[in-house]
Amino acid sequence: MVKIRPDIARMAPYEPVKPFEALSRDLGRAPEEIIKLDANENPYGPSPLLRQALAHYPWYHIYPDPQQVELRDALARYVGVPAEHIMVGHGADELIDYLCRILLEPGDVVINCPPTFGMYDFDARLSMGRVVEVPRDDAFRVDVPGIEEAVRRAGGRARLLFLTSPNNPDGGLLPEADLQRLLALPLMVVVDEAYIEFADQESVATRVPTTPNLVVLRTFSKWAGLAGLRLGYGIMPLALMDALWKFKQPYNVNVAATIAGLVSLQDLDRLQARVAALKAERDRLYRALCNIPYLQPLPSQANFVFCRVEGRSARALHQALREEGILVRYYDKPGLRNAIRISAGLPEQVDRVVEALQAWAS
Ligand SMILES: *Cc1c(COP(=O)(O)O)cnc(C)c1O
């Protein structure tokens, strides 16, 4: 008999995301015809310099640099913090898992503020943490007194607080005053800034060197179009870096992802122009959605717009769009009843989704 750890044996099976090619067969449409606005991916793709760089790289048969020195130096200039504070990962997702594993003993408390990104809860449970939920309100505002109370109740066992700014799925920013208050709590505060490049606000990463309980997570997946290559990073206090260097898988980031990160940072002007275009499309999408009677969009600082569907079925809307080859994210869970999230796309993609939404109204 194979003996699996009981908490893992009890876990619900993972619902796999269909590969893009399989999806294209299911929908009976060529991949180029699918308007994929369901996962906040970047429709411009990576820097066009990347293909060349990957094609000419001579050392694929040599193991990567486990310390990622060149990429971390480039990131230090991009973020504005010393490289000794930067840990690179196989996506920001890997760093969420690492943080849980180095900070949690079984039964330690992780505070999560849903509705938000799903990986904090998933990784905390995998590390045998106890997840205490302090839900956001209807406007997705974080409940600061509720978090303070949850920390008190945890009686010294609260270790980690996950905050997301801009938050996924609504796109709202964490107010500065909330962050200040939460940093006074005796636990590690992780601010996930996966979408900060799309916000009209500076990253809080530059404060990490002077704030011993602040971690900031960032990623190349969204702004740089590298979701498929998996490259994220964390800006960490030095005490955490010491632990992470001992703990991390030596070759967690492969050479293709490393090259992609370096090329992106060398081609910043172009990628930032694309980010500006996506922000403009996000705002145009938001304004168009405001004029559709059955939708209630929220203003967003990320590359997507969340909307509640009023008086009609979001599930049916999701399905109707799918039949036209338009994919959006559909939600039906606590705090996210009857709602959809639409990623900002190319101008013609935004035109198409808006036309489809207007047509569904009549
Ligand atoms: C997409 C997303 C991530 C994932 O980042 P990867 O680098 O692709 O692992 C992390 N946090 C949030 C809030 C996200 O929406």
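Atom set for the values below is all heavy atoms of this structure, side chains included, hydrogens, waters and symmetry mates excluded. We count ligands from 1, going down the list as the structure has it; atoms in each ligand are counted the same way.
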Report yes or no: does His85 contribute a side-chain atom to a donor-acceptor pair with the main-chain N or O of Met236 at less than 3.5 Å? yes
Which residue and atom name correspond to the protein heavy atom nearest atom 4 (C) of ligand 1, and how close is it? Asp93 OD1, 3.4 Å
If you measure from each non-hydrogen atom of Asp192 to ligand 1, which part falls under 4.0 Å: side chain, backbone, both or neither? side chain
Let me confirm one number: the NZ-CG distance from Lys18 to Asp26, rounded to the nearest 0.5 Å. 3.5 Å
Glu94, Met119, His90, Lys222: member with heavy atom nearest to atom 3 (C) of ligand 1: Lys222
Checking heavy atoms under 4.0 Å, the part of Phe220 that sits near ligand 1 is neither
Verify whether the ring centers belonging to Phe304 and Phe198 lie closer than 6.0 Å. no
Taking Arg308 first and then Asp170, would you say they form a salt bridge - that is, a charged N and a carboxylate O separated by under 4.0 Å? no
Quick one: are Asp192 and Thr116 in side-chain contact, heavy atoms under 4.5 Å? no
Considering only non-hydrogen protein atoms, determine which one is nearest to atom 15 (O) of ligand 1 and report residue, atom name and distance to 0.1 Å. Tyr195 OH, 2.6 Å
Go through ligand 1 atom by atom and flag the ones less than 4.0 Å from a non-hydrogen atom of Gly91. 6 (P), 7 (O), 9 (O)
Output the list of atoms in ligand 1 that are nearer than 4.0 Å to some heavy atom of Thr164, sorted by atom number. 13 (C)
Taken to the nearest 0.5 Å, the spacing of Leu244 CG from Leu95 CG works out to 7.5 Å
I'd like to check which ligand 1 atoms, numbered from 1 as shown, lie under 4.0 Å from a non-hydrogen atom of Ser221. 6 (P), 7 (O), 8 (O)
For atom 9 (O) of ligand 1, grab the closest protein heavy atom and report residue, atom and distance to one decimal in Å. Arg230 NH2, 2.7 Å
Non-neighbouring partners of Tyr286 that pass side-chain hydrogen bond (donor to acceptor under 3.5 Å, both in side chains), sequence neighbours left out: none
Heavy-atom contacts under 4.0 Å between Ala92 and ligand 1: side chain, backbone, both, or neither? both
